[in-house]
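Notes follow once the structure below has been shown.
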2 protein chains.
Amino acid sequence: MATLEEDEVEFRAGDVVRGTSDEVESIYIVKEGWLFSAVELGDGRRQILEFFVPGDVVGLHDLPYEQTSYELVTLTESTLCPFPKERLGPVFETSRAVTGLLFTFSLIDHVIMLDRLKSIGRLAAKDRIAHLMLTVRSRLCITNDELGDHFFFPIPQAEMADALGLTPVTISRSKAELQQEGLIRWQRREVELLDRAALEKRTRFDARYQNLDTSWFTTLCGGY
Amino acid sequence: MATLEEDEVEFRAGDVVRGTSDEVESIYIVKEGWLFSAVELGDGRRQILEFFVPGDVVGLHDLPYEQTSYELVTLTESTLCPFPKERLGPVFETSRAVTGLLFTFSLIDHVIMLDRLKSIGRLAAKDRIAHLMLTVRSRLCITNDELGDHFFFPIPQAEMADALGLTPVTISRSKAELQQEGLIRWQRREVELLDRAALEKRTRFDARYQNLDTSWFTTLCGGY
DNA sequence: AGTGTCACATCACATAGGTTAAACACTGGT
DNA sequence: ACCAGTGTTTAACCTATGTGATGTGACACT
């Protein structure tokens, strides 16, 4: 994996790393910072697709395409390690471990996506917000075992709205209610989940980064 | 690929092929019939995640998990070719072509999923319906070059509702309007898209099965 | 032919969330 | 200390979609 991180590029908060319909040139590994991918609908509406945090691999699913299918924007100052597409072929040929690892990542991402689909399709506004917090927390836990229920969360309300299929006004209203009910507390760019069990129950949350069965690919991955 | 299709199992319309939280035993290749995957929310609500048609590979993204994350149900009489999980490891080791092909499929699926997220998150009811029809059509075109704008479509309104985050009532209303506007016509279990260009524009539809760039994996796939 | 079932259509009414706009509260720069 | 810029909160009002209930037609079984 280290070979994928040779290069390094820095971005400022709010930078567009890559627009929609750019040529697909490389994937990125997030070394530092938070980012999101989104599609614009042209009339001002926007759908945010995924949030990325340090350790994430960005842009894998663009590989089969000539042009990128969404834009990539930083939320905070970020450091990315681009890895050129044309150098991936050789990597796949020589390293089954990397192939298996990336394949596994992409499958897990897909399941996370299905959860988000459920959230947007069938949960009420407050529950969608709760579900997002839980998903982000569980992602952060991978790279930080000791993460409690209180963590850094730099996603502004406008972006939460665009990720959850809501408006900033509804986000604000619903956050206030969750706060009054003593379930979640926000302060500046931090959150605290005050009753995680209750939140997980309400949103039918599943921890997708746990209960993994690595056996299917172990021989390839060399134990991931 | 042929080795993946050795076995065959038949199901009747409405059968549950696999429930949620079953043990992950195999992936399936759809030989005949239409299916969908879904999660139940417990209070009667349900989110349909994906529809599958002949030629689709089902269950790939469950591979990294011990338990299935969604149920799999048939819409019509179906024939599936199950392929056991434990036999996949060896296949990946011996055949880069199959690995690359399945990897590519899973990446494309993911992008289709992102499109559905946009649809559910940001489009109005009528446009979500239109977007679904276009997505299904473009999928059917892969295995049938000559498919026109008139095709078999066996998805009942209750299932369309659960797929699009709407209710059957809204589906019925919106279908009627689309019909009156001369955009889409339904008759029994068939549809006709009367003005595909207009529908694609309204829904910001992208053909995700086209404009593929196979170069990145060609050496592995042997030209897919 | 009669009866049950299932999918779909339609209506009257309720509501979550959208819209618009204004006020408010931080933040960083001068 | 002041200001501009950006994000958040609040309020009054509106509408798309949900709810619940009722009706209709097609098909299957007796």
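What you are looking at is a predicted structure, and each value in this text was computed from that prediction instead of being measured. What's counted below: heavy atoms across the whole structure, side chains too, no hydrogens, waters or symmetry copies. Protein chains get the first letters and strands the later ones, always in sequence-line order, with residue 1 at the start of each.
Distance B:Leu164 CG to D:dA16 P: 18 Å, rounded to the nearest Å. At whole-Å resolution of the value, CH2 in B:Trp186 and P in C:dA7 are 18 Å apart. A:Ile120 places its CD1 atom 20 Å from the P atom of C:dA16, with the value rounded to the nearest Å. Rounded to an integer number of Å, the gap from A:Glu177 CD to C:dT15 P is 15 Å. Between A:Arg173 atom CZ and D:dT8 atom C1' the separation is 13 Å, expressed in whole Å.
With a 6.0 Å radius and a threshold of 12 heavy atoms from other residues, nucleotides or ligands, B:Glu23 has its CD atom at or below the threshold. The local environment of CD in B:Glu32 is sparse, with at most 12 non-hydrogen atoms from other residues, nucleotides or ligands closer than 6.0 Å.
Among the protein residues, A:Leu166 comes within range of the sugar-phosphate backbone only, with heavy atoms under 4.0 Å from sugar or phosphate atoms but none that close to a base. No engagement by A:Gly14 is indicated, since no non-hydrogen atom pair under 4.0 Å with the nucleic acid exists. Contacts of A:Ala124 with the nucleic acid, taken as non-hydrogen atoms under 4.0 Å apart, involve only primed sugar atoms and P, OP1 or OP2.
Heavy-atom distances to DNA chain C give each of A:Lys126 and A:Val169 a nearest nucleotide, and the one nearer the 5′ end belongs to A:Lys126.
For C:dG17, its base never sits under 3.5 Å from the side chain of A:Arg128 at any donor and acceptor pair. If you check distances only, the side chain of A:Arg189 never reaches the base of D:dG7 with a donor-acceptor pair under 3.5 Å.
Under the 3.5 Å distance criterion, the side-chain polar atoms of B:Gln47 are matched with a main-chain donor or acceptor of B:Ala163. Panel note: side chain B:Arg137, backbone B:Gly148; a donor-acceptor pair is recorded below 3.5 Å.
For A:Ala125, taking side-chain heavy atoms from C-beta onward, the closest of the listed nucleotides C:dG17, D:dT17, C:dC8 is C:dG17. For A:Thr170, counting side-chain heavy atoms from C-beta on, the closest listed nucleotide (C:dG18, D:dG7, C:dA9) is C:dG18.
Close to D:dT6, at under 4.0 Å from its OP1 or OP2, lies no side-chain N or O of A:Gln157.
Ring pair A:Trp34/A:Phe152 is perpendicular by interplanar angle, where above 60° counts as perpendicular and below 30° as parallel.
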